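Following: one structure in structure tokens, then a few remarks.
Keep in mind it's a predicted model, so treat the numbers as computed, not measured.
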Amino acid sequence: MKLGSLKEGGRDGTLIVVSRDLTHAARATAIAPTLQAALDDWHNAAPRLNALYDEVNAGTAQGRFALDLNALAAPLPRAYEFVDGSAYLPHVERVRKARGAEVPESFYIDPLMYQATSAGFLGPRDPVVVPSEDYGIDLEAEVLVVTDDVPMAVTPAQAAEHIQLVGLVNDVSLRGLIPGELAKGFGFLQSKPRSALSPVLVTPDELGEAWQDTKLHLPMRTWINGQWFGQAECGVDMQFNFAQLVAHAAKTRPLTAGTLVGSGTIANHDTSLGASCLAEQRTVETLREGKPATPFLKYEDTVRIEITDAAGHSIFGAIEQVIAPLKA
């Protein structure tokens, strides 16, 4: 099934069930007022939401309406926790090579992960507001999963059973602020503003054969200002699958229902597939030509992130955003 949230009903939106083709929806408030409420009681809510999903697709759901993607908030407008990994080591390897550093052997057996911003997510059509272009505005096209309650110290096999939803995220990064923050040895803060989620999140069964070994085996398509930027393969070169990432996050603490776990920027060894963030493209250019040629994002630039199935149909809907200044 496919789930989203309308920009109504308060900070956490109003839960809707969305048709497979993303054209129609029905409010699910008789089952759960918000997606977080559904995740809190997933065992009971999921079967009822699935039944409503069947009705929405059949055109028989009471209150079914034509869906306007501009009316959508993030499916989870705010979440208890968002932890973001860096599971695609080609990206890590290239960035380190560009500055003459080696990748530590531990990176191949122990995932990189940080505590990301979860107090609010941008909707799929909301602008990315940044106080200054000088901050080095970048997109990061990623896949993420959403869990139910995950016990502490689960194994990857156990963690896989707690992955309930899959979606996309534009994990916005301010590259100009990152070096100074990391130099302090305490991680990201100002360099990581709010991220944007895809219009809908979907259950893994909705992905069919594209969901294998808790990886999504489809290309991540990105455009900047309407121009093709990349179609990196999500299922290729992913060092750690989502079950491993969830288990890593839960090693010393349980995860609350509604926790988001990100893959990190999608990147492949094959650079002809393009990139999923500007830092990656600039690194490739530096290694090839001695300096970067692609600029970071400026005000009025647009970003589009989307994954389609084998037939070319959008699965999660597209994240479409414009970069905007902070207004006084």
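Side-chain atoms of S195 never come within 3.5 Å of backbone atoms of V169 as a donor-acceptor pair (strictly under, hydrogens ignored). Side-chain atoms of K2 come within 3.5 Å of backbone N or O of I315 as a donor-acceptor pair. Listed for the E142 side chain is no donor-acceptor partner under 3.5 Å among the backbone atoms of D171. At distances below 3.5 Å, at least one donor-acceptor pair connects side-chain atoms of Q36 with backbone N or O atoms of A257. Side chain of D68 to main chain of N70: a donor-acceptor pair is present (N/O by atom type, distance under 3.5 Å, no hydrogens or angles). T117 places a side-chain N or O within donor-acceptor distance of the main-chain N or O of K192, the cut-off being under 3.5 Å. D270 places a side-chain N or O within 3.5 Å of a backbone atom of S272 that can act as its donor or acceptor partner. Under the 3.5 Å distance criterion, the side-chain polar atoms of Q244 are matched with a main-chain donor or acceptor of N241. Using a distance-only test at 3.5 Å, with no hydrogens or angles considered, no donor-acceptor pair links the side chain of S86 to the main chain of L112. A distance-only check finds a donor-acceptor pair linking the side chain of N268 to the backbone of E233 [under 3.5 Å].
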Evaluate side chain to side chain donor-acceptor pair (under 3.5 Å) for T265 paired with E280, printing each intermediate quantity in order. CA-CA 9 Å; T265 305; E280 170 82 9; over 6 Å; no

Test log, rule side-chain contact (heavy atoms from CB on, under 4.5 Å), inputs L67 and I16: CA-CA 10 Å; L67 183 63; I16 57 172; 3.9 Å; yes

Criterion side-chain contact (heavy atoms from CB on, under 4.5 Å) on T203 and L165, from CA distance to verdict: CA-CA 5 Å; T203 47; L165 296 168; 3.8 Å; yes

Stepwise, does the salt bridge (charged side-chain N to carboxylate O under 4.0 Å, His left out) test hold for D126 with K7? CA-CA 11 Å; D126 290 347; K7 289 182 174 181; 2.6 Å; yes

What do the steps show when you test Q212 against E209 for side-chain contact (heavy atoms from CB on, under 4.5 Å), and what is the final call? CA-CA 6 Å; Q212 296 181 32; E209 294 183 357; 4.1 Å; yes

In sequence, state the C-alpha distance, the side-chain angles, and the governing distance for L287 and V284, and then conclude on side-chain contact (heavy atoms from CB on, under 4.5 Å). CA-CA 5 Å; L287 292 172; V284 171; 5.9 Å; no

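Both M238 and M113 are part of a single hydrophobic cluster, where members link through side-chain heavy atoms under 4.5 Å apart. Note: the hydrophobic cluster containing L197 does not contain F316 (ILVMFWY, side chain heavy atoms under 4.5 Å, direct or indirect links). Under the 4.5 Å side-chain heavy-atom criterion for grouping Ile, Leu, Val, Met, Phe, Trp and Tyr, L260 is not connected to F242 through any hydrophobic cluster. Linking Ile, Leu, Val, Met, Phe, Trp and Tyr residues whenever their side-chain heavy atoms come within less than 4.5 Å leaves L35 and V200 in two separate clusters. Both L6 and L69 belong to a common hydrophobic cluster when Ile, Leu, Val, Met, Phe, Trp and Tyr are linked at side-chain heavy-atom distances under 4.5 angstrom.
In this structure, Q164 and V146 have side chains that are not in contact, with every pair of non-hydrogen atoms separated by 4.5 Å or more. Two residues are said to be in side-chain contact when any heavy atoms from C-beta on lie closer than 4.5 Å; I319 and S198 meet this criterion. In this structure, the side chains of V130 and L297 stay at 4.5 Å or more apart for every pair of heavy atoms. Within the 4.5 Å cutoff, the side chain of D110 has heavy atoms near those of the H248 side chain. Looking only at side-chain heavy atoms (C-beta outward), L174 and P193 come within less than 4.5 Å of each other.
A side chain to side chain contact (heavy atoms under 4.5 Å, CB included) with P75 holds for exactly one of V18, L15, L201, T34; it is L201. Applying side chain to side chain contact (heavy atoms under 4.5 Å, CB included) to T308 and the options Q231, R221, H313 leaves one that passes, R221. When the options L207, V166, L216 are evaluated for a side chain to side chain contact (heavy atoms under 4.5 Å, CB included) with I307, the one that passes is L216.
The number of heavy atoms from other shown groups lying within 6.0 Å of CD (E289) is above 12. The 12-atom threshold is not exceeded at CZ of R11, counting heavy atoms of other residues, nucleotides or ligands nearer than 6.0 Å.
The salt bridge (charged side-chain N to carboxylate O under 4.0 Å, His left out) check on R175 picks up D138, E140, with sequence neighbours excluded. For D237, the salt bridge (charged side-chain N to carboxylate O under 4.0 Å, His left out) criterion is met by no residue, not counting sequence neighbours. For E133, there are no salt bridge (charged side-chain N to carboxylate O under 4.0 Å, His left out) partners, not counting sequence neighbours. In this structure P131 satisfies the side chain to side chain contact (heavy atoms under 4.5 Å, CB included) test together with Y135, L326, sequence neighbours excluded.
A pairwise comparison of heavy atoms in L72 and P124 identifies O-CD, 3.7 Å as the closest pair. The heavy-atom pair separating N170 from Q321 by the smallest distance is ND2-OE1, 3.0 Å. V83 and A249 make their closest contact through CG2-CB, 4.0 Å (heavy atoms, listed as atom of the first residue, atom of the second, distance). Between A45 and A38 the shortest heavy-atom distance is CB-O, 3.8 Å. Heavy atoms only, all atoms of each residue included: H91 and A267 are closest at CB-CB, 3.7 Å. Closest of all the heavy-atom pairs between L245 and S263 is CD1-CA, 4.2 Å.
Here T147 contributes atom OG1 and E81 contributes atom CD; the two are 8.5 Å apart, rounded to the nearest 0.5 Å. Between the CG atom in L76 and the CG atom in L144 there is a gap of 9.0 Å [rounded to 0.5 Å]. The distance from atom NE2 of H162 to atom CG of D149, rounded to the nearest 0.5 Å, is 8.5 Å. Between the CD atom in Q115 and the CG atom in L189 there is a gap of 12.0 Å [rounded to 0.5 Å]. Once rounded to the nearest 0.5 Å, the distance linking NZ of K291 with CZ of R282 reads 11.5 Å. Here the CD1 atom belonging to I163 is positioned 10.0 Å from the CG atom belonging to D148, to the nearest 0.5 angstrom.
R20 and D309 are not joined by a salt bridge, as no carboxylate oxygen comes within less than 4.0 angstrom of a charged side-chain nitrogen.
Within the structure, the ring pair (Phe, Tyr, Trp, His ring centres under 6.0 Å) test picks out the following pairs touching residues 185-231 (sequence neighbours left out): Y114-F188. Among pairs with a residue in residues 36-85, those fulfilling ring pair (Phe, Tyr, Trp, His ring centres under 6.0 Å) read F82-F121, at least two apart in sequence or across chains.
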